Structure formats: structure tokens, C-alpha cells
Amino acid sequence: MAISNSDYLKALEKMIDSSNIQEKLIALTEEQKLMLTMSDEDIKTGRIIDQEALNKQELEWLKEKPA
């Protein structure tokens with residue numbers, strides 16, 4: 001998909017250039033770093049499921065839960 005309207009593109013560029021977004025580094029806790037490391041390991045070893053499968057498991061779990 002491409003945008004060919006030059007006025008639109010110029011306006012978008014101007015908006016981006018004039019924004020005052022500041023990048024700020026955020027320090028992670030040791031627990032957050034550990035969770036990210038564990039997530040990377042899960043991905044490397046294939047311990048992942050897609051969103052559709054997760055939704056299906058969640059619905060099954062909810063059906064089993066007592067009201």
C-alpha cells in the first residue's frame with residue numbers, strides 16, 4: 001500500500017518533525033529481565049502457541065470453571 005498524495009505526505013512529515021517525543025530509558029527490574037530471558041528461551045525451544053490456540057484453550061478452561 002502506497003500513499004501518492006504529496007500534500008498528505010508533506011503534512012505527515014511536518015507533524016512528525018514537529019512532535020516533541022522524548023526517548024526515555026526505563027530501567028528494568030531483575031524480575032523483568034528474568035521474565036524476558038525466560039520468554040526468549042521459550043521461543044527458542046518452541047514452547048509457544050498461536051493466538052487462536054490460546055483462545056480455544058482459554059474458552060475450554062472457562063467452561064470447566066465453576067460458576
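For the numbers below, each heavy atom of this structure counts, side chains included, while hydrogens, waters and symmetry mates do not. As the structure is a computational prediction, the values presented were derived from the model and not from experiment.
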Residue list, side-chain contact (heavy atoms from CB on, under 4.5 Å) with I48, at least two apart or on another chain: I43
Q32: side-chain hydrogen bond (donor to acceptor under 3.5 Å, both in side chains) partners, not counting sequence neighbours: T29
Partner residues of E30 under the salt bridge (charged side-chain N to carboxylate O under 4.0 Å, His left out) criterion, sequence neighbours left out: K33
side-chain hydrogen bond (donor to acceptor under 3.5 Å, both in side chains) pairs, two or more places apart, involving residues 7-17: none
Set of residues satisfying side-chain contact (heavy atoms from CB on, under 4.5 Å) with respect to M38, sequence neighbours excluded: L34, M35
Value rounded to 0.5 Å, distance of CD1 in I49 from CG in D42: 11.5 Å
All side-chain hydrogen bond (donor to acceptor under 3.5 Å, both in side chains) counterparts of T45, not counting sequence neighbours: R47
Residues clustering with W61 (ILVMFWY side chains joined when closer than 4.5 Å, directly or via others): L62
Listed partners of L9 passing side-chain contact (heavy atoms from CB on, under 4.5 Å), at least two apart: I3
Interatomic distance, D50 atom CG to K56 atom NZ [nearest 0.5 angstrom]: 11.0 Å
For E52, all residues meeting side-chain hydrogen bond (donor to acceptor under 3.5 Å, both in side chains), sequence neighbours excluded: none
All side-chain contact (heavy atoms from CB on, under 4.5 Å) counterparts of A27, not counting sequence neighbours: none
